[in-house]
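Sequence positions, counted from 1, serve as the residue numbers for this chain. Both ligands and their constituent atoms are indexed starting at 1 by order of listing.
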Amino acid sequence: MKSINVALIGCGFFGQQLALAFQKSGAILVGVSDLDQALAEQLANKCHCKMYDKFDHLLAMEKPDLVLIATYNNTHFKLAKQALKANCAVFIETPFTLNHIESYKLIQLAEEQGKALFVGHLLRTLPGLQKVKTLLSEQALGKLTVVRANRQRWIDSQKNEDWWKNNIQLTGGKLLHEIHELDLLCWLLGDVESVYAQATNRAHLEYPDNDDIIQVLLRFKNGIFSSLEMGTAYRLHKWDITIHGELGSLLINFFTSTITLTLAIGERQQFNLYDEFEADLSLREHSKGVQKYNQVKATCPFWLSRATEIEAQRVVDDMRAEQKSLLSEQIHNAVCVAVAAKKSILQGTRIQVKYC
Ligand SMILES: NC(=O)c1ccc[n+]([C@@H]2O[C@H](COP(=O)([O-])OP(=O)(O)OC[C@H]3O[C@@H](n4cnc5c(N)ncnc54)[C@H](O)[C@@H]3O)[C@@H](O)[C@H]2O)c1
């Protein structure tokens, strides 16, 4: 079997998950690097690989097949460019980049270099969401009419002004930093034509830039209407996507880790997001409680580390088979829509989505 040598830049909360998941998937972790050398050293010891204080040394010495990027969002573009130019395939954590021009440039560069470019949209790789994709492509709901997505929870302000996740210049803001549902809408439904969005900060005033209520209205090129409501000012939690069609509806419920297909003719089918008892249970247990992830020094819940393993296996299998990955398709779209939504919030008008 073809061996895949992997290097990691960014050894924080999620970089650590990626390192373990890729090792478990049969890839060989050859080196890690981080601005925080102690953190990189710690991970290198745990994973029995080398630590490099400079990313360019890591690339030059190890010549990895694949580079994993799990650094601050605003650094993804520069590091990915460097890795692609060094002839490596690249896996970038979400969000892909902070704007559509950067993501377009990376896609072009990857094509020129003949290298794969993956974005860590891990929800796409879960068995339940794969089944949703198949059901929609088989027209199980007939013509789609309207879709509603919600990612609503309460999160207390983090009392750490220096933390990069509180700095909108580094994260790009919530529409990009928490891009998973927007990505699922784009991946499942097609290209978005235009967007109207509004946002405000009602309950997290310590961080003036940190909108805690975001409402987005999307009009797709194929005529579907959709909405996305997200934020951290919601005392009653909700995390789901409902897809309505002429023949029935599909409810993706992240709280119960289930997907329910209900057809107007009276048939009903239910399946789980993971199809693995422990992972489905972990998601259920974590969903409704106080949100503990996305905090400084957070530990990773099992459902998320298991999703990372499923995703890593997918990337390694696709690289071995030299086949186009579902983590490489339509990776640009959600960034383009997020950029248009941010512009709409600023201008107060509907914005056409630009794809390059
Ligand atoms: N897919 C998901 O569900 C998911 C979950 C969590 C985080 N993420 C993404 O993973 C990335 C990392 O997030 P995190 O939670 O691990 O943050 P983190 O703060 O725990 O880790 C980030 C690490 O990157 C390092 N770093 C930053 N810039 C660097 C540079 N230029 N060179 C070398 N090292 C650099 C920092 O020192 C830090 O150790 C982010 O893009 C985040 O959005 C995705």
Side-chain angles (χ1 to χ4, degrees), residues 7-22 31-44 51-59 67-83 90-98 102-103 118-126 129 151 155 158 160 162-184 187 239 254 273 282-283 286 291-312 314-315 327 331 334-335 338:
L8 168 73
I9 175 112
C11 303
F13 168 67
F14 218 62
Q16 293 171 27
Q17 299 308 315
L18 289 174
L20 298 174
F22 274 84
V32 298
S33 185
D34 196 292
L35 292 175
D36 181 341
Q37 288 189 17
L39 205 59
E41 188 87 60
Q42 222 177 340
L43 188 62
M51 187 280 273
Y52 287 84
D53 54 1
K54 293 212 162 51
F55 185 44
D56 50 354
H57 291 174
L58 168 59
L59 294 177
V67 172
L68 313 174
I69 299 176
T71 53
Y72 308 154
N73 303 348
N74 68 320
T75 65
H76 291 180
F77 174 65
K78 186 168 161 254
L79 296 168
K81 199 164 131 187
Q82 211 176 332
V90 173
F91 172 97
I92 309 183
E93 252 320 319
T94 55
F96 184 9
T97 65
L98 289 199
E102 287 178 352
S103 56
F118 306 90
V119 178
H121 291 300
L122 80 183
L123 293 176
R124 292 183 185 188
T125 65
L126 298 183
L129 284 159
R151 182 195 178 93
I155 295 185
Q158 303 299 303
N160 185 345
D162 297 331
W163 195 31
W164 74 273
K165 289 182 184 175
N166 284 328
N167 183 338
I168 198 167
Q169 303 304 325
L170 307 189
T171 63
K174 283 204 179 83
L175 276 161
L176 284 158
H177 191 62
E178 298 179 17
I179 202 163
H180 289 293
E181 290 72 24
L182 190 54
D183 173 67
L184 285 178
W187 181 62
W239 186 18
F254 295 97
L273 270 168
S282 167
L283 183 53
H286 276 88
Q291 304 283 302
K292 289 218 172 95
Y293 55 88
N294 207 21
Q295 293 188 339
V296 187
K297 307 269 179 234
T299 52
C300 195
F302 178 66
W303 66 267
L304 186 52
S305 58
R306 182 65 194 124
T308 315
E309 288 174 3
I310 295 169
E311 170 186 59
R314 187 83 197 204
V315 171
L327 294 170
I331 51 179
V335 174

Decide side chain to side chain contact (heavy atoms under 4.5 Å, CB included) for L304 and H286; before the verdict, give the C-alpha distance in whole Å, the side-chain angles of both, and the deciding distance to 0.1 Å. CA-CA 10 Å; L304 186 52; H286 276 88; over 6 Å; no
Determine, stepwise, if the pair D183 / R124 fulfils side chain to side chain contact (heavy atoms under 4.5 Å, CB included). CA-CA 9 Å; D183 173 67; R124 292 183 185 188; 2.8 Å; yes
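Listed by number with element, the atoms of ligand 1 under 4.0 Å from a non-hydrogen atom of N73 are 40 (C), 41 (O), 42 (C), 43 (O). Against a heavy-atom cut-off of under 4.0 Å, G10 is close to the following atoms of ligand 1: 24 (O). In summary, the atoms of ligand 1 found under 4.0 Å from a heavy atom of H76, numbered by their order in the structure, are 41 (O). Residue H177 has at least one heavy-atom neighbour below 4.0 Å for each of these atoms of ligand 1: 43 (O). Each of the following atoms of ligand 1 lies closer than 4.0 Å to a heavy atom of I9: 32 (N), 33 (C). Near L39, meaning under 4.0 Å from one of its heavy atoms, ligand 1 places the atoms 39 (O). The distance from ligand 1 to the heavy atoms of K165 drops below 4.0 Å at these ligand atoms: 14 (P), 15 (O), 17 (O). Short contacts between ligand 1 and G120, defined as distances under 4.0 Å to a heavy atom of the residue, involve ligand atoms 1 (N).
Residue D34 holds the heavy atom nearest to atom 37 (O) of ligand 1 of all those in D36, D34, I69. Counting heavy atoms only, Y72 comes closest to atom 27 (C) of ligand 1 of the residues W163, F14, F55, Y72. Nearest residue to atom 22 (C) of ligand 1 from A307, A38, P95, A70 is A70 (criterion: closest heavy atom). The residue among L18, L35, T171 with a heavy atom at the shortest distance from atom 33 (C) of ligand 1 is L35.
Of the charged side-chain nitrogens involved, at least one lies within less than 4.0 Å of a carboxylate oxygen, so that R306 and E309 count as a salt-bridged pair.
Atom CH2 of W303 is separated from atom CG of L126 by 9.0 Å, given to the nearest 0.5 angstrom. Interatomic distance, OG1 of T171 versus CH2 of W163, reported as 10.5 Å (0.5 Å rounding). Rounding to the nearest 0.5 Å places NE2 of H76 at 4.5 Å from CG of N73. Note that CG of L184 is 5.5 Å distant from CG of L129, once rounded to the nearest 0.5 Å. To the nearest 0.5 Å, atoms CG (L122) and CZ (F14) are separated by 5.5 Å. Summarising the geometry, atom OG1 belonging to T94 is positioned 12.5 Å from atom CD1 belonging to I331; distances are rounded to the nearest 0.5 Å.
Taking any N or O of S33, backbone or side chain, none lies under 3.5 Å from an N or O belonging to ligand 1. In terms of polar-atom proximity, defined here as any N/O pair under 3.5 Å, F13 does make such a contact with ligand 1. Looking at ligand 1, you won't find any N or O of C11 less than 3.5 Å from one of its N or O atoms. Looking at ligand 1, you'll find an N or O of E93 within less than 3.5 Å of one of its N or O atoms.
Contact between H180 and G120 at its shortest, heavy atoms only, is CE1-O, 3.9 Å.
When each of V67, L68, I69, L8 is checked for a side chain to side chain contact (heavy atoms under 4.5 Å, CB included) with F91, only L68 meets the rule. The one candidate from T97, L98, I168, L176 that meets the side chain to side chain contact (heavy atoms under 4.5 Å, CB included) condition with N74 is L98.
Under 4.0 Å from ligand 1, the heavy atoms of W164 that appear belong solely to its side chain.
Taking the six-membered ring where the residue is Trp, W239 and F254 present parallel rings, their angle staying beneath 30° rather than reaching 60°.
Nearest protein neighbour of atom 2 (C) of ligand 1, counting heavy atoms only, is H180 NE2, 3.5 Å. Nearest to atom 9 (C) of ligand 1 among the protein's heavy atoms is T94 O, 3.3 Å. Protein heavy atom in closest approach to atom 21 (O) of ligand 1: G12 CA, 3.3 Å. Looking from atom 24 (O) of ligand 1 to the surrounding protein, the closest heavy atom is T71 CA, 3.5 Å.
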